Amino acid sequence: MKLNLLSCDAQRPDKRAIANCMVEISNTMSNSFANELTDILVEGDAVDIEVNDKNSGSALRALRKLSIDYEIVE
């Protein structure tokens, strides 16, 4: 499943938690790439990630908990 992460609405986003969440829910994402995507997301630009289908429910809950707005692409 592909997700488009639109924005992070948290007042003080926890970049480390967001990056760790991306690494955990993604198919094949390295820590350094997750950190880069987190910086892009926090700055206000959207990013695309691919999520394991078996983890999709927990992935969406984790993103909501981090105040990340998303849309499902596939």
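These numbers were taken from a predicted model, which means no experiment stands behind them.
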Could you pull out all residues at least two apart from [X] that satisfy side-chain contact (heavy atoms from CB on, under 4.5 Å)?
X: D14; answer: R16, A17
X: S30; answer: S32, F33
X: D69; answer: L6, S7, D9
X: K65; answer: none

Would a 4.5 Å heavy-atom cut-off, applied to side chains only, mark [X] and [Y] as touching?
X: L60; Y: V51; result: no
X: M1; Y: I72; result: yes
X: C21; Y: L63; result: yes

How close do [X] and [Y] get, heavy atom to heavy atom, and via which atoms?
X: S26; Y: M29; answer: OG-CB, 3.4 Å
X: S67; Y: A10; answer: CB-N, 3.6 Å
X: V42; Y: P13; answer: CG1-CG, 3.9 Å
X: D48; Y: N4; answer: OD1-OD1, 2.9 Å
X: A59; Y: I25; answer: CB-CG2, 3.5 Å

Taken in chain and number order and not counting sequence neighbours, the residues that satisfy side chain to side chain donor-acceptor pair (under 3.5 Å) with Q11 are none

D45 meets the side chain to side chain donor-acceptor pair (under 3.5 Å) criterion, sequence neighbours left out, with none

Next on the checklist: Hydrophobic clustering (ILVMFWY, side-chain heavy atoms < 4.5 Å, transitive) - are I40 and Y70 grouped together?
Outcome noted: yes

Please answer: with hydrophobic residues joined when any side-chain heavy atoms are less than 4.5 Å apart, are V23 and I68 in the same cluster? no

Applied to residues 18-27, the salt bridge (charged side-chain N to carboxylate O under 4.0 Å, His left out) test, sequence neighbours excluded, yields none

Sequence neighbours excluded, the answer for salt bridge (charged side-chain N to carboxylate O under 4.0 Å, His left out) partners of D39 is K15

